[in-house]
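Since the structure comes first, as structure tokens, the remarks are kept for the end.
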Amino acid sequence: MADIIQAVRGMNDVLPADIATWQHLEATVRQLVTAYGYEEIRVPVVEHTRLFKRAIGEYTDVVEKEMYTFEDQGGEQLTLRPEATAGIVRAVISNGMLRGARHKLWCIGPMFRHEKPQKGRYRQFHQLDVEAIGFAGPDIDAELIAMTARLWRTLGITRVKLQLNSLGTPESRRAYRELLVSYFRANESRLDADSRRRLEGNPLRILDSKNPEMRELIAGAPVLTEHLDADSRAHFDALCAMLGSMGIEYHVNPRLVRGLDYYSRTVFEWTTDALGSQDAVCAGGRYDGLIAHLGGESTPAIGFAMGIERVVELLVQANKVPAPTAPDIYVVVNGERASAEALKLAEQLRTVLPHRRIEVNLGGGNFKAQFRRADKSNARLALILGEDELARGVVAMKPLRQESGQTDCPTPELATRVEALLRELPAEQN
Ligand code: ATP
Ligand code: MG
């Protein structure tokens, strides 16, 4: 026998048993972002490697060690997208969408990072990505965060906390950066290898280290918020005031820096205590410098990415998983002629009742076996069509989930009677 080919490590199938939760999350997200005026954009899963190198920055975990990069048959250096912002910004620039215009965009889809797979951390994972381009804030910052807070409320997720910080401008960061470098230089023996490398390239990223042995050293480092320029300070204070007035709770975390280089001013992250060490569920921030850095006209922007697998897990843990959908109707057939008629009848019903899920018993079986399948399918109503019903020009109707008898319905009235009956029958299964 041939060996069985497994999925690639860290890349998951979403099976039918779990799909209702994904669809529920996706539908909720789609409705929410649309209500806030965001438009969907779909960008390729593959981009030029240099786009990510330039957008995300060379001294990031993602670019240093997590990208799926390959050369295609034409000799192009390509990368499976590790995040969506770079591609969306590239699309906005290369499609000539800037020119002073403003865009509120969202997309959802798979991202790829070669990380160590573990619960909540995968090599293919999904993100909801939201970007507001052409807005200088702080009002859009506040609205974007309010939208994420509303998503948790709508989904019934409570175990999340909002952390907030400001990274200032690149100019104000420069002075802080020097303070930081001299602090870490003075403690160089306590730096791990990654941090030592970053000391030159991007010392702020040391603050984002996941290494627990670095925690104490990082806790003693100078704090960026104390070195903000006046405009960034005013931006941050206004954002805090707006969040306060909307009743959105937040915690200022001066060590929140985010993993990507292109952020400026506002950064935020929603974390949870419900998922163990993979505790970040949504992270974002302002990237006023990125668009110019990628060759577009200088345009302020802010966005966030949300980890879908982690939010799905939060829904599962909070028991906010929707019930699996069952058929409305199961058609039981008896005899060869009835079988052909049942298919025809089901097609007619599907035309008139396109919102109803109809399952015809396929592949035969005696009455008992067919009713067993009907029960197992959790359908609410059985329609029965045999030689006897055919001869009399009727279809028998039998509710399946409650004690009630079978009634005959003249075939021409079937759609109307079935719809009326389904409206009376309880929709929720127990
Ligand atoms: P982490 O600190 O968990 O590595 P990150 O800072 O690398 O996250 P971002 O690049 O900001 O993450 O991505 C935004 C969100 O996407 C994260 O908050 C998380 O919910 C999710 N995410 C990131 N990487 C993964 C992954 N490998 N598997 C599943 N979800 C992920
Ligand atoms: Mg990461």
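When reading the values below, keep in mind they use all heavy atoms of this one structure, side chains included, and skip hydrogens, waters and symmetry mates. These numbers were taken from a predicted model, which means no experiment stands behind them. Remember, it's 1-based here, ligands and their atoms both numbered in the order they're listed.
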What atoms in ligand 1 come closer than 4.0 Å to a heavy atom of [X]?
X	result
Cys282	18 (O)
Ala283	11 (O)
Gly120	28 (N), 29 (C), 30 (N)
Ala305	14 (C), 15 (C)

Min N/O separation [X] to ligand 1 under 3.5 Å:
X	answer
Phe125	no
Glu269	no
Arg121	yes

Straight-line distance of [X] [atom1] to [Y] [atom2], nearest 0.5 Å:
X	Y	atom1	atom2	value
His126	Leu128	NE2	CG	12.5 Å
Met147	Lys104	CE	NZ	8.0 Å
Leu78	Phe70	CG	CZ	4.5 Å
Leu167	Leu228	CG	CG	8.5 Å

message = Tell me the nearest of Gln127, Arg113, Glu83 to atom 10 (O) of ligand 1, using heavy-atom distances.
response =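 The residue whose heavy atom sits nearest atom 10 (O) of ligand 1 is Arg113.
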
inquiry  = Is there a side-chain contact between Ser209 and Ile218 in this structure, where contact means two heavy atoms from C-beta onward sitting under 4.5 Å apart?
reply    =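 Yes, at least one pair of side-chain atoms sits under 4.5 Å.
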
Test item, Gln278 contacting ligand 1 (heavy atom, 4.0 angstrom):
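So Gln278 does not count as touching ligand 1.
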
Exceeds 12 heavy-atom contacts within 6.0 angstrom, atom CD of Glu213 |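 Count not over threshold, so no.
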
Can you tell me if Lys398 has over 12 outside heavy atoms packed within less than 6.0 Å of its NZ?
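Count over threshold, so yes.
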
